[in-house]
2 protein chains.
Amino acid sequence: MTTQIRLLLADDHPIVRRGLRAVLETEPDFTIVAEAATAEQAVSAAAAGDVDVVLMDLQFGDGMSGDQATAAILAQPGAPRVLVLTTYDSDADIIAAVEAGATGYLLKDAPPDELGAAVRAAAAGRSALAPTVAARLMNRMRSPSVALSRREIEVLDLVGQGLSNHDISKRLYLSQATVKSHLVHIYAKLGVDSRTAAVALATEHGILRR
Amino acid sequence: MTTQIRLLLADDHPIVRRGLRAVLETEPDFTIVAEAATAEQAVSAAAAGDVDVVLMDLQFGDGMSGDQATAAILAQPGAPRVLVLTTYDSDADIIAAVEAGATGYLLKDAPPDELGAAVRAAAAGRSALAPTVAARLMNRMRSPSVALSRREIEVLDLVGQGLSNHDISKRLYLSQATVKSHLVHIYAKLGVDSRTAAVALATEHGILRR
DNA sequence: GCCGTCATCGATCGAAAGGTGGAGCCGCGG
DNA sequence: CCGCGGCTCCACCTTTCGATCGATGACGGC
């Protein structure tokens, strides 16, 4: 017989927690030891120690985000595995979660049996990725990793807010020449030739927050 | 004693349906008569007739959207009430649902007891709005409703994808003059003076999809 | 010390975008 | 019927942006 897998559910939606509980409790080898409605609660519950796998949502209403909580949990000795379970699959979310050390990444529209399989995989240290997520990761590996510098992101963010070069130069205490220079570098790195295209691509790739 | 309230759950996430079922079945006067995993299923299930309240998600993976399904359901004689239950609260989603004739609008992070109260309110024909949703509606009433025409939205959408005026004119089989003309009107309606600012504002207000 | 990256600034020039004003067509409703 | 709003187009002008050169200093790794 297999050993029991002890689970922690971290999601800010009570309804989702109830649904997960209903789905997972039908499996005899799963035990739900705790629930967390905030990322902070998840971190302290995981620190208590008697957890094998954390089912972690990425979006919490306020406070710490799911990927931050994931990193905090995994930073502790004897940390459990973290299986990210979220509604949508933006590039930024995925890479943030993977970088934080998540063992797997599932979407909430996954069928229940797939969920159980992913939990067992995570408990065994194997990674479980939803197909669309895997595809996105491959995509990211193939494309030359677009690494903008901090300053460039700062400029591009203001561009995305609709500011002109002149506005940006005042906001950042720069000359317009510098702003333009940053933009030239940004365009080169992203392979585009206009501010709107740069913003569109950066948003799509999760470099910018909406 | 009160009469039974017959419910239809429409959500593409199995986990959410399980959670809703778990939460709502504890109420003695609720009966869940059907579930729907797509908007189309929801429409046909509601057409069957033995439903009082539909709990409707707005985001479905593909096919018909929740607000379209809401409109389709309410178009039929003897239609049930539709209570929208969704994860997030963009302006566009809210107005689309309200215009489609939804009786109430709840967020999934609502506590379970609030959900029960909203269902009873909907069954009685009273409307139930989450506080943040109500606030947004008030906000929209106050601010001059920024109604862009279909063509203007089409143009603005392409602008948001990073296309130049020339690209847009070719894509829509227009002259650049026409594109510029649409943009001038867009800027006037939104109170901005650049394409990036227009895209930023429109995205923020939910006029554009990300 | 040298090299690469980042950040800063400058000048110039053509292209794109924005501002202004006008015009014709069509459908819908008072 | 006639006005109004949406959609289409045109011309002219100003401003902004992007492209292409260039340059300097700071910082860190090899």
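Basis for what follows: all heavy atoms, side chains included, without hydrogens, waters or symmetry-related copies. In what follows, chains carry the letters A, B, and so on, assigned in the order in which the sequence lines appear, proteins first and then strands, with residues in each chain numbered from 1.
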Dump the pairs, protein N or O against N or O of nucleotides 24-30 of chain D, anything under 3.5 Å, distances to one decimal.
none

Sequence-distant partners of [X], side chain to side chain contact (heavy atoms under 4.5 Å, CB included), two or more places apart:
X	answer
A/Ala198	A/Leu156, A/Ile186, A/Tyr187, A/Leu190, A/Val192
B/Arg6	B/Val33, B/Asp50, B/Asp52
B/Ser175	B/Ala177, B/Thr178

Separation of [X] atom [atom1] from [N] atom [atom2], in whole Å?
X	N	atom1	atom2	value
B/Lys170	D/dT8	NZ	C1'	20 Å
A/Leu148	C/dC6	CG	P	10 Å
B/Glu152	D/dT8	CD	C1'	12 Å
B/Arg151	C/dG27	CZ	C1'	17 Å
B/Leu158	C/dA17	CG	C1'	16 Å
B/Leu190	C/dG18	CG	C1'	15 Å
A/His185	C/dG4	NE2	P	15 Å

Approximate separation, where rounding is to 0.5 Å, of A/Ile15 CD1 and B/Ile15 CD1: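 So the CD1 of A/Ile15 and the CD1 of B/Ile15 are separated by 13.0 Å.
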
Spacing of A/Asn165 atom CG and A/Leu158 atom CG [to the nearest 0.5 Å]: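 Nearest 0.5 Å value for the CG-CG distance: 11.0 Å.
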
N/O (side chain, A/Thr178) to phosphate O (OP1/OP2, C/dC9) under 4.0 Å: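 Indeed, a polar side-chain atom of A/Thr178 lies that close.
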
Distance below 4.0 Å between A/Ser175 side-chain N/O and C/dT8 OP1 or OP2: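 It does not, given that no N or O in the side chain of A/Ser175 lies less than 4.0 Å from OP1 or OP2 of C/dT8.
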
Rounded to 10 degrees, the angle between the two terminal axes of the helix from C/dG1-D/dC30 to C/dG30-D/dC1, each from five pairs: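 Here the local axes at opposite ends form an angle of 40°.
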
Atom pairs and distances, side-chain donor-acceptor, residues 117-128 of chain A, under 3.5 Å, sequence neighbours left out:
unit_1: A/Arg120; atom_1: NE; unit_2: A/Asp29; atom_2: OD2; d: 3.0
unit_1: A/Arg120; atom_1: NH2; unit_2: A/Glu27; atom_2: OE1; d: 2.8
unit_1: A/Arg120; atom_1: NH2; unit_2: A/Asp29; atom_2: OD1; d: 3.1

Any N/O donor-acceptor pair, B/Ser181 side-chain to D/dC9 base, under 3.5 Å: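 By the distance-only test, yes, there is a pair.
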
Those residues that, when tested against [X], pass side-chain hydrogen bond (donor to acceptor under 3.5 Å, both in side chains) (two or more places apart):
X	value
B/Glu40	none
B/Arg81	none
B/Asp167	B/Ser164
B/Ser169	none

Could you list all N or O pairs between the protein and nucleotides 17-20 of chain D that sit under 3.5 Å apart?
unit_1: D/dC17; atom_1: OP1; unit_2: A/Asn165; atom_2: N; d: 3.3
unit_1: D/dC17; atom_1: OP2; unit_2: A/Asn165; atom_2: N; d: 3.3
unit_1: D/dG18; atom_1: OP1; unit_2: A/Tyr187; atom_2: OH; d: 3.0
unit_1: D/dG18; atom_1: OP1; unit_2: A/Arg195; atom_2: N; d: 2.9
unit_1: D/dG18; atom_1: OP2; unit_2: A/Tyr187; atom_2: OH; d: 3.0
unit_1: D/dG18; atom_1: OP2; unit_2: A/Arg195; atom_2: NH1; d: 3.0
unit_1: D/dG18; atom_1: N7; unit_2: A/Lys180; atom_2: NZ; d: 3.1
unit_1: D/dG18; atom_1: O6; unit_2: A/Lys180; atom_2: NZ; d: 2.6

Sequence-distant partners of A/Glu35, salt bridge (charged side-chain N to carboxylate O under 4.0 Å, His left out), two or more places apart: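 Partners of A/Glu35 by the salt bridge (charged side-chain N to carboxylate O under 4.0 Å, His left out) criterion, ordered by chain and then number, come out as A/Arg17, A/Arg21.
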
